[in-house]
Structure formats: structure tokens, C-alpha cells
Amino acid sequence: MPELPEVETTRRGIAPHALGQRVTQVIVRNPRLRQPVSPQLATALAGQTIHAIDRRGKYLLLRSSAGTVIIHLGMSGNLRLLPANIPAEKHDHVDMVLASGQCLRLRDPRRFGTVVWTEDDPLQHALLRNLGPEPLDNNFTEAHLYQSSRGRTLSVKQFIMDSHIVTGVGNIYASESLFLAGIHPGCSAGRIALKRYGRLTTAIKQVLSAAIAQGGTTLRDFYNGEGRPGYFQQQLNVYGRASEPCHSCQRPIAQLRQGQRSTFYCMGCQT
DNA sequence: CAACGGACCTGCCTGC
DNA sequence: TGCAGGCAGGTCCGTT
């Protein structure tokens with residue numbers, strides 16, 4: 001489900017209500033996520049105060065003085081803040097109850113998400129250590145994409161979806177960014193010139209920023225920390241628009257399959 | 001090392 | 001109505 005804009009939207013939604021709050025209780029109803037919920041989470045986090053909520057790529061970091069909860073929402077997860085007395089539903093796997101009477105509730109039907117506890121520097125955790133630059137930071141540049149793609153034969157779409165190259169760009173925003181940059185998703189990453197990577201870098205930053213401003217993209221089941229959907233789907237140019245007319249040239253949007261994922265692009269605008 | 005397919009899960013939609 | 005098949009916003013792992 002969530003790419004960087006949806007995770008950032010979640011972070012902004014929960015931060016005002018959760019920052020400075022003490023966690024009174026942690027309820028783990030089902031620890032069987034893609035990797036098991038840390039067994040020590042409930043004991044370690046209870047009694048701690050959340051003093052920062054950060055994001056690294058698609059990971060959320062709930063920081064306390066004793067340690068950090070690292071959360072990934074997988075394909076289908078959401079993290080919402082709601083009154084703790086609202087009954088949990090089928091796929092509500094983890095509650096972090098706050099002193100305010102609200103709770104942070106993780107719902108994840110497919111259980112591809114992750115909830116782990118670490119007492120070390122979370123940025124050095126195995127899940128985060130090798131991530132590429134943040135796409136909205138100044139150290140994400142065309143030079144980085146250009147240099148790290150030399151000698152690579154895979155498609156540029158799969159290349160920018162590799163979190164070790166740049167983190168946070170998922171299936172929707174990869175297609176959208178390539179459309180904005182005018183680059184065919186099947187181009188071999190290693191054969192793209194520096195100048196084109198300049199356009200792609202700009203496009204990625206633009207698309208992600210615009211999506212954050214709209215509260216993310218809600219196709220099916222994304223809701224932010226306060227339970228509201230995003231609106232960026234109204235501005236999608238190619239994703240999910242197979243055979244509909246291109247907003248720029250009117251030719252029908254094409255669809256193909258890359259690495260078991262659907263890709264959408266315009267045959268006229270992207271070369 | 002890089003590329004690729006498969007694995008992990010459930011829900012929803014389509015078509016027979 | 002029931003059932004099979006395919007698809008879905010992510011990432012890791014094993015094999016070549």
C-alpha cells in the first residue's frame with residue numbers, strides 16, 4: 001500500500017497526538033508479520049514516552065529514551081490513532097495505548113509489514129543501514145543515479161524502485177515520475193545519460209512532494225493517521241490508466257509487466 | 001556482483 | 001451461487 005508519501009502522511013497525522021505521550025500498554029494480538037514482532041516490544045515500550053516520530057524511506061521510527069519502534073506498513077498496512085476503547089477488528093495486530101486514552105493501532109491484512117524494537121541506533125539497524133538517499137534530500141542528485149547505474153542492465157523503472165539506490169519510490173510513483181521525465185520505463189538504467197537523470201531526479205522530487213501535499217494516494221485502503229484518505233489519485237497521469245487517453249498527447253496509456261509488477265506509461269510521451 | 005523468480009499473506013474482482 | 005484465477009501500494013532470499 002504505502003510509498004513514501006503515504007508513510008509521511010501517516011507520520012504527520014499521528015505526530016501531533018502521539019508526541020510527548022507515554023505508552024501505557026502494548027497489545028500484540030498477532031505477532032506473525034513478515035518478520036515476527038519483537039517479543040520484547042510490549043515490555044520494553046510500556047512506560048516509555050514517545051519523544052520523536054521520524055521517517056526513513058518507508059519506515060516510521062517511534063523514538064523513546066529506552067529504544068525505538070521501527071515500523072514498516074508493507075503492502076496493506078496502516079497506522080491510525082483512535083480511542084483505545086474502540087474494539088479491534090480482524091486485522092488489527094498491534095495497539096500502542098497512550099496515556100491520553102487514544103491508541104496507535106496497526107492494521108495490516110496481508111501481514112507484509114514489520115514492527116521491531118531496537119535499543120541501538122535505528123539508522124544502523126539491518127533494515128535501514130543499507131538504504132539509499134532520501135529522494136527529497138539534497139544528497140539525492142542526478143549524479144548519484146547516473147553513477148550508481150553505470151554497468152547496470154536492468155530497466156530504469158526497476159532501478160529507481162530499488163530502495164538501496166533511492167528509498168521510498170514504489171510502484172505508483174515510479175511510473176508517475178518516469179512519465180513526468182519523459183523516459184520509457186523499459187530503458188536500461190546503465191544507458192541513460194546524465195542529463196536525462198537530471199530530469200528524472202527533478203520529476204521524482206516533484207511527484208513525491210505533490211503527493212505529500214495531497215495527503216498521499218488512496219486507491220483502496222490507505223488512510224492517514226487520523227483515518228482520512230489521500231487525494232493524489234486524482235492527479236495520476238499514468239498509474240492505473242491503461243488504455244485511457246494520455247493527459248498530454250491523448251494516445252492510450254500502455255501497460256506492461258516488469259519484475260512481476262504492473263507498469264504504466266505513454267508510448268507517445270516517453271522514449 | 002547482478003538479474004531473476006519465488007516467497008511471504010489476505011481480499012477483492014472477474015469470468016466461467 | 002460457487003469456485004478458480006489473477007491482481008494488489010513491498011521486500012527479502014535463493015539460484016543462476
Side-chain angles (χ1 to χ4, degrees), chain A residues 1-11 29-37 55-60 70-79 89-94 106-116 125-132 135 147-178 186-191 204 207-208 211-212 214-224 229-242 255-264:
Chain A
M1 165 190 61
E3 303 183 35
L4 184 153
E6 290 73 37
V7 177
E8 177 62 18
T9 296
T10 298
R11 190 189 72 77
R29 296 186 189 81
N30 184 357
R32 292 166 41 224
L33 303 187
R34 190 167 183 278
Q35 89 176 242
V37 175
R55 179 187 57 72
R56 175 75 174 98
K58 300 175 188 169
Y59 290 90
L60 285 171
I70 301 174
I71 299 174
H72 194 291
L73 300 175
M75 287 280 262
S76 59
N78 60 51
L79 184 68
E89 295 182 26
K90 188 171 180 185
H91 301 293
D92 293 340
H93 306 310
V94 179
L106 176 80
R107 176 176 299 180
D108 185 5
R110 292 177 74 179
R111 291 193 276 118
F112 283 174
T114 303
V115 179
V116 296
H125 190 279
L127 291 169
L128 309 190
R129 200 172 38 211
N130 296 316
L131 292 178
Q147 283 158 14
S148 47
S149 63
R150 293 310 92 180
R152 301 291 301 268
T153 59
L154 85 174
S155 74
V156 62
K157 194 245 191 177
Q158 292 177 285
F159 178 67
I160 60 172
M161 284 181 66
D162 181 345
S163 63
H164 305 104
I165 299 300
V166 53
T167 183
V169 180
N171 204 38
I172 296 177
Y173 301 111
S175 280
E176 293 298 315
S177 301
L178 288 163
C187 280
S188 176
R191 295 175 53 188
I204 289 171
V207 167
L208 296 180
I212 291 170
Q214 294 292 304
T217 297
T218 298
L219 296 179
R220 276 167 289 277
D221 50 12
F222 171 70
Y223 298 95
N224 71 13
Y231 295 98
F232 190 71
Q233 64 276 14
Q234 295 167 6
Q235 290 168 233
L236 296 176
N237 282 302
V238 290
Y239 187 86
R241 297 192 64 244
Q255 178 173 1
L256 59 84
R257 205 88 187 143
Q258 294 179 293
Q260 349 258 71
R261 315 295 298 277
S262 285
T263 302
F264 301 87

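Proteins come first, then strands; the chains are lettered A, B, ... in the order of their sequence lines, and each starts at number 1. The structure presented is a predicted model; accordingly, all values stated were derived computationally and were not measured.
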Would you please determine if the base of C/dG10 is stacked by A/Phe112, with stacking meaning a centroid separation under 5.5 angstrom and planes under 30 degrees? yes
Any side-chain to backbone donor/acceptor pair from A/Arg191 onto A/Cys187? Under 3.5 Å, distance only. no
Distance below 4.0 Å between A/Ser262 side-chain N/O and C/dA8 OP1 or OP2: yes
May I ask you to verify if any side-chain N or O of A/His72 is less than 4.0 angstrom from the OP1 or OP2 atom of C/dG10? no
Value in whole Å for how far the P atom of B/dG5 lies from CZ of A/Arg257: 12 Å
When the distance from CZ of A/Arg261 to P of B/dG5 is rounded to whole Å, what number comes out? 14 Å
Could you please name the option among C/dG9, B/dG11, C/dC12 that lies closest to any side-chain atom of A/Tyr59? C/dC12
Can you tell me the pairing partner of C/dA4 across any strand shown, Watson-Crick or G-U wobble, with both distances under 3.5 angstrom? B/dT14
Starting at atom CG of A/Leu219, determine the distance to atom C1' of B/dC12, rounded to an integer number of angstrom. 14 Å
To the nearest angstrom, how far is A/Asp108 atom CG from B/dC8 atom P? 16 Å
Tell me which of A/Thr153 and A/Arg110 sits closer to the 5' end of DNA chain B, going by the nucleotide each one is nearest to. A/Thr153
At under 4.0 Å, does any side-chain N or O of A/His164 touch on OP1 or OP2 of C/dT11? no
Output the rounded distance in Å from CZ (A/Arg220) to P (B/dG11). 14 Å
